[in-house]
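First the structure, in the form of structure tokens, and then the observations on it.
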There are 2 protein chains.
Amino acid sequence: MTQNTARKNEQTTPPGKAHVLTLPTQAAHADRQPHNYERWLVAKLMRMAGSPPIRFRLWNGDVIDPDNCEAQFVIHLKDPKALYSLVANPNLAFGDLYSAGRLDVEGDLPELMEALYRSVHQAKQQWPRWLDALWRNHNPRSTGISEAKENIHHHYDLGNEFYSLWLDQAAMQYTCAYYEQPDLTLEQAQLAKLEHVCRKLRLKPGMTVVEAGCGWGGLARYMARHYGVKVYSYNISRAQLAYAREEAKRQGLDHLVTYVEDDYRNISGDYDAFVSIGMLEHVGKDNYPALSELIKRCLKPGGLALLHSIGRNRPMLMNAWIEKRIFPGAYPPSIGEFMSICEHSDFSVLDVENLRLHYAQTLRHWMERFTENQNRVTDMYDAHFTRAWQMYLAGSIAAFRAGSLQLFQVVFSHGNNNQLPQNRRDIYASPAAPEGV
Amino acid sequence: MTQNTARKNEQTTPPGKAHVLTLPTQAAHADRQPHNYERWLVAKLMRMAGSPPIRFRLWNGDVIDPDNCEAQFVIHLKDPKALYSLVANPNLAFGDLYSAGRLDVEGDLPELMEALYRSVHQAKQQWPRWLDALWRNHNPRSTGISEAKENIHHHYDLGNEFYSLWLDQAAMQYTCAYYEQPDLTLEQAQLAKLEHVCRKLRLKPGMTVVEAGCGWGGLARYMARHYGVKVYSYNISRAQLAYAREEAKRQGLDHLVTYVEDDYRNISGDYDAFVSIGMLEHVGKDNYPALSELIKRCLKPGGLALLHSIGRNRPMLMNAWIEKRIFPGAYPPSIGEFMSICEHSDFSVLDVENLRLHYAQTLRHWMERFTENQNRVTDMYDAHFTRAWQMYLAGSIAAFRAGSLQLFQVVFSHGNNNQLPQNRRDIYASPAAPEGV
């Protein structure tokens, strides 16, 4: 495992104007000279990607800087086949090659990815159809009631110990935090998020809340402790639920919080509030109408609902590698698709807030802690796993910063509900973040 | 002209259980006995409308209370033909008959309309297809560049004197006010709206703003006076522009504010902010992509845009009478259609706020002032005009209260803009409403 920070110091290449630089390389393919058409492929690849400020170092040490751009980033391809995979479908191959250590980068990984995303986003508009078809992302796999279990198990049941290495120590939140001030700690920002959500729902003691997808149960416990509400939280990740129940008991909140091991589709009852933080990404577009009808059924006439989800500015498939390796079945809705959930049941959308850059900052904090603990992660799994997760975290930072991912918090009510807050001033009456956590 | 308040006192009918009550009537058709099938038609009409708490008083004084509902409201039909028009298409006929004085109501007009809307909204879901077709609203007329002029002239060029009788005296705002506190005066709430919009746009001295559709120019002058920005405001209503220019001159703001007599489609240049308050309703769905591209073109990379418009929870045509008699070409977008404007140009939606009940309150204030001045309005136009406008104001209050109309304020930026406000706390740092206006 090479650390990015360590790698930075290794960068001895002067920012030269030379088209091809020869750098020392320790790879197994050091003697294999790149063919001319391989050089051409790299140049073509970069042009198609909109000429991002990136140079390529090939397996033998040759550096290709097709646009002579004095690039701040270097991608190192360690074998010729890596190049062919990359050309065939970079969306999928980039992550796989990085995880396998066959592709490496010099420079800050999230920054390189951001530069790449920004550049590709522009360039894409000019792509010929065949390229669009070749470099495609695929439709997310099914999120039916039995497949969902498998999808969720794949990611969320990796082990509570693993997640506790790099998530916040305050509430084990694996969703976007709320940086009320830019210099908050991860713990403060996650607690501020929980508080912000409770304020948006205008919780009052004695209310009942249902939560679809509760992670390690932090929101439910926060609501019970700080707002005196009764919470029913649904989840299908067994590992998360075990943690959640133990914590509720330990904190003496189990009389207020019930964690239900069941699919959100089986929620029943009447509640003053419906909340779901970071589950919609896993619901799948086909299931939006049913989700909408479910909320319609179980939200009391005067109740408020809040959905918090990663989203898009326009409909777009999830990156192939993320969908395949990290989040099976994931699909972040565009803002219009998100609104279709509300339109379907004549809900009245009251408040939308976009916390895109807050997610980039959350992920930065996660990545720092992950990198501090990378040796332990590698001991628990292997180096391939560690690198895959670093790529996932870095790519996510980049996507939120480049604007290809958004984070929407949407509050809505039944269409004929006039028991609405006068405005949003109450949400901002005092700081949401606790001091010094 | 009969005043609603006066009419209330005339209501001498005891809240009886009798199916048919005979009341005194002064109408010309007093001797014409209703046929049995006419009674049946009234009963059928009410059932189709979901049995709202409304009785019917016919031309000869007979009262029909089909559901024996001890209704708090009475609709008075003054001639048999009025009944037939109503049955043929109540969406269109109700307003026309009321304007002509051939239909009158006992009870608070907005409240009666709200009860009716709530009831019809429910009942509609069970309507047979033929009824849906019969009682249809029609597609809005064209909002092409030449027709738009005619549409806007029809409504907004009625005369500044007319509007000044009942709009706020502070800024002549003919759009939803912002009741930061429920007991604000109309003047305070309209100034709070202007302030709220400026805060959402994060205006700073020296910025340039372009405004599409400026009414009597109040927002532009407010921005110039309070935020020291340069504003270019477009409008095609000549009467409004004359007023706007005179006011800017009188207030010594004409070096900062330029009112342009032109269609919004001809906006050019680069601006730090794009704002449009209450114009989108007149743009027409077909023109959303072009509007989106226009904003894309003229918003600087770090700029913010704000669109404020009446909207819907789901796509629905404008009420036939409003579209025909009051607002030709009007179409309030659903939240999804609204978002399509943002999706089209890859904008990032940052903030959506729904001010639905604020519009109901704004309209209540307008209607009070309108009613105080109804004799002057009748002198300026005629009784038919006065009653049409009372119906329009009352129906609008009802639509916002019943949830069939929404008021969305949407803030968005270019998709790749990272110069975003940290959060929304700054908007609520101090009251937006001035004291004692």
Side-chain angles (χ1 to χ4, degrees), chain A residues 114 117-118 121-122 125 178-182 192 196 311-315 334-340 342-358 360 400-404 406 408 410-418 420 422-429 431-432, chain B residues 114 117-118 121-122 178-182 192 196 311-315 334-340 342-358 360 400-404 406 408 410-418 420-429 431-432:
Chain A
E114 183 181 342
Y117 285 175
R118 284 185 183 270
H121 187 80
Q122 281 293 321
Q125 291 156 27
Y178 175 57
Y179 291 84
E180 191 179 43
Q181 306 291 343
H196 199 48
R312 298 276 200 190
N313 290 343
R314 45 168 68 180
S334 77
I335 182 69
E337 291 166 337
F338 204 136
M339 293 302 105
S340 75
C342 299
E343 289 201 352
H344 183 80
S345 295
D346 200 25
F347 286 124
S348 183
V349 175
L350 303 178
D351 184 354
V352 177
E353 184 175 18
N354 190 336
L355 297 172
R356 170 167 76 84
L357 293 178
H358 295 242
F400 283 105
R401 285 198 55 83
S404 61
Q406 313 292 312
F408 296 119
V410 179
V411 181
F412 54 97
S413 70
H414 289 294
N416 57 2
N417 171 16
N418 282 358
L420 302 176
Q422 182 73 17
N423 54 48
R424 308 187 298 207
R425 280 196 82 183
D426 53 325
I427 299 177
Y428 299 93
Chain B
E114 184 182 342
Y117 284 176
R118 284 186 182 267
H121 186 80
Q122 279 294 321
Y178 175 57
Y179 290 85
E180 191 180 42
Q181 306 290 345
H196 198 49
R312 299 276 200 188
N313 290 343
R314 46 169 67 181
S334 76
I335 182 69
E337 291 166 338
F338 204 136
M339 293 304 104
S340 75
C342 299
E343 288 201 352
H344 183 82
S345 294
D346 200 25
F347 286 124
S348 183
V349 175
L350 303 178
D351 184 355
V352 178
E353 184 176 18
N354 189 335
L355 297 172
R356 170 166 75 83
L357 293 178
H358 294 241
F400 283 105
R401 286 198 54 83
S404 60
Q406 313 293 312
F408 297 118
V410 179
V411 180
F412 54 97
S413 70
H414 289 293
N416 56 2
N417 171 16
N418 282 358
L420 301 177
Q422 182 73 18
N423 55 47
R424 309 187 298 208
R425 280 196 83 182
D426 54 326
I427 300 177
Y428 298 95

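Chain identifiers are assigned alphabetically (A, B, ...) following the order of the sequence lines, protein sequences preceding nucleic acid strands; residue numbering begins at 1 within each chain. No hydrogens, no waters, no symmetry mates; every other heavy atom, side chains included, goes into these values.
For the set A:G415, A:G336, A:S348, A:G403, the entry with the most heavy-atom pairs within less than 4.5 Å of chain B is A:S348. Per-residue heavy-atom pair counts under 4.5 Å with chain B were compared for A:P182, A:A402, A:G311, and the maximum is reached by A:P182. Heavy-atom pairs under 4.5 Å with chain B peak, among A:R312, A:Q181, A:M339, A:R314, at A:R314. Heavy-atom pairs under 4.5 Å with chain B were tallied for A:E180, A:R425, A:R356, A:H344; the largest tally goes to A:R425.
Between B:Y179 and B:H358, the ring planes lie tilted relative to each other; the angle falls in the 30° to 60° range. Taking the six-membered ring where the residue is Trp, B:F347 and B:H414 present tilted rings, their angle falling between 30° and 60°.
With sequence neighbours excluded, the residues forming a side chain to side chain donor-acceptor pair (under 3.5 Å) with B:S345 are B:S292, listed by chain and number. Residues passing the side chain to side chain donor-acceptor pair (under 3.5 Å) test with B:R118 are B:E114, sequence neighbours excluded.
Contacts between B:Q406 and chain A at a heavy-atom distance below 4.5 Å involve the side chain alone, from C-beta outward. In this structure, chain A has no heavy atom under 4.5 Å from any part of B:F412. With a 4.5 angstrom heavy-atom cutoff, A:Y117 does not touch chain B via any of its atoms. Contact of A:F338 with chain B is not made at all, since no heavy-atom distance falls under 4.5 Å. In this structure, the portions of B:I335 lying under 4.5 Å from any heavy atom of chain A include both its backbone and its side chain. When heavy atoms are compared at a cutoff of 4.5 Å, A:H121 approaches chain B solely by way of its side chain, counted from C-beta outward.
Minimum heavy-atom separation, A:V410 to A:V349: CG1-CG1, 4.2 Å.
Residues B:I427 and B:E353 fail the side-chain proximity criterion, which asks for heavy atoms closer than 4.5 Å.
Looking only at distances, no side-chain donor or acceptor of A:N313 sits under 3.5 Å from a matching main-chain atom of B:C342.
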